[in-house]
Amino acid sequence: MKIFNNPNDLKEYRKGVKGNIGFVPTMGALHKGHLSLMERSKKENDITIVSIFVNPTQFLPGEDLDQYPSRIDADKRICELAGVDALFIPTSEVMYAHTEPMITVPNMPGYILEGLKRPGHFNGVLRVVMKLLNITQPTHAYFGKKDAQQLYLITNMVQSFFMDTIIVPCEIVRESEGLALSSRNAYLSDDEKKQALKISKSLKVATRALMKKEFSAANIKAIMMETMEGLDVEYIAIVDRDFNEIETIVLKHSIILVAARVGKTRLIDNLWI
Ligand code: AMP
């Protein structure tokens, strides 16, 4: 596996490889969710490139940028074992100039839900993803449905700017008891982990209600709220696949999204229905 720290070196490497190129951008502290993206890329492409970059521009002041888990040696080993061809680990200095143009998310859906709770977050996400896609020029880039709004905004950016990459949405990987895997789960104590299970449980309860033909968004939200009693729920939202809030759930066209704090840790999860 080749390791690059500099965008120009990776661009040189990219020029020398042919066929389908799969790209998996991450912030490291790799888990089975990330691994599933890499495996899918390996299956569907000739070459797989992974990046590990804790992107400062997507963190708000007071968020966990300085504490964000870092396990770079273990991450390198995981990528190597997964058969990744090239790993890109840049620094902020090589990724960002002092002054540069900005990318701003569209009003809708950029400033609702995560965009409302974390103003500026998605501008930072789009900025870094644009840079990473320009450096790696992948034919396919793999993103988790776990970050549903991010996935939507990236797909929208790639289409709007006529970029030559196919964005591939990947299923959410969960622990056996249901908790969606996240690098931030490392912050949770054993007791908090038990509390956090209420989030995925609320989505299971929603699924059960849907199977009994309960399609009212208000009713589904109410039973989810009951399941998450004791948690600091930031939002439960039920939207169509373009992130418009809906009152009635339409199967195969809707997403239920949750954000909640467990202790100091902020977790998100969702269900595509
Ligand atoms: P992150 O390192 O958290 O920025 O995530 C990098 C990529 O992995 C993003 O596209 C995420 O949506 C995806 N991802 C994170 N957690 C999961 C998960 N549990 N299942 C599937 N994909 C995930």
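Just so you know, ligand 1 is whichever comes first in the structure, and atom 1 is the first atom listed for that ligand. Only this structure's heavy atoms are used, side chains among them; waters, hydrogens and symmetry mates stay out. For this chain, numbers begin at 1 and follow the sequence in order.
Residue contacts with ligand 1, taken as heavy atom pairs separated by less than 4.0 Å, do not involve A29 at all. Of the heavy atoms in H31, only side-chain atoms (C-beta onward) come closer than 4.0 Å to ligand 1. At a 4.0 Å heavy-atom cut-off, ligand 1 does not touch V24 at all. When heavy-atom distances to ligand 1 are checked against a 4.0 Å cut-off, E171 comes that close only through its backbone atoms N, CA, C and O.
Between F4 and Y13, the ring center distance clears the sub-6.0 Å criterion.
A salt bridge is absent between E177 and K193; no separation between the charged side-chain nitrogens and carboxylate oxygens falls under 4.0 Å. Salt bridge absent: K264 and D64 never bring a charged side-chain N and a carboxylate O closer than 4.0 Å.
Residue F143 has no nitrogen or oxygen atom sitting less than 3.5 Å from a nitrogen or oxygen atom of ligand 1, judged on distance alone. Checking only distances, G144 does come within under 3.5 Å of ligand 1, N or O to N or O. For I172, no nitrogen or oxygen atom sits less than 3.5 Å from a nitrogen or oxygen atom of ligand 1, counting backbone and side chain alike.
Every atom of ligand 1 is numbered from 1 in the order shown, and the set under 4.0 Å from a heavy atom of L37 is 7 (C), 8 (O), 10 (O), 13 (C), 22 (N).
Among L203, N270, D147, the one residue that satisfies the side-chain contact (heavy atoms from CB on, under 4.5 Å) test with I172 is N270.
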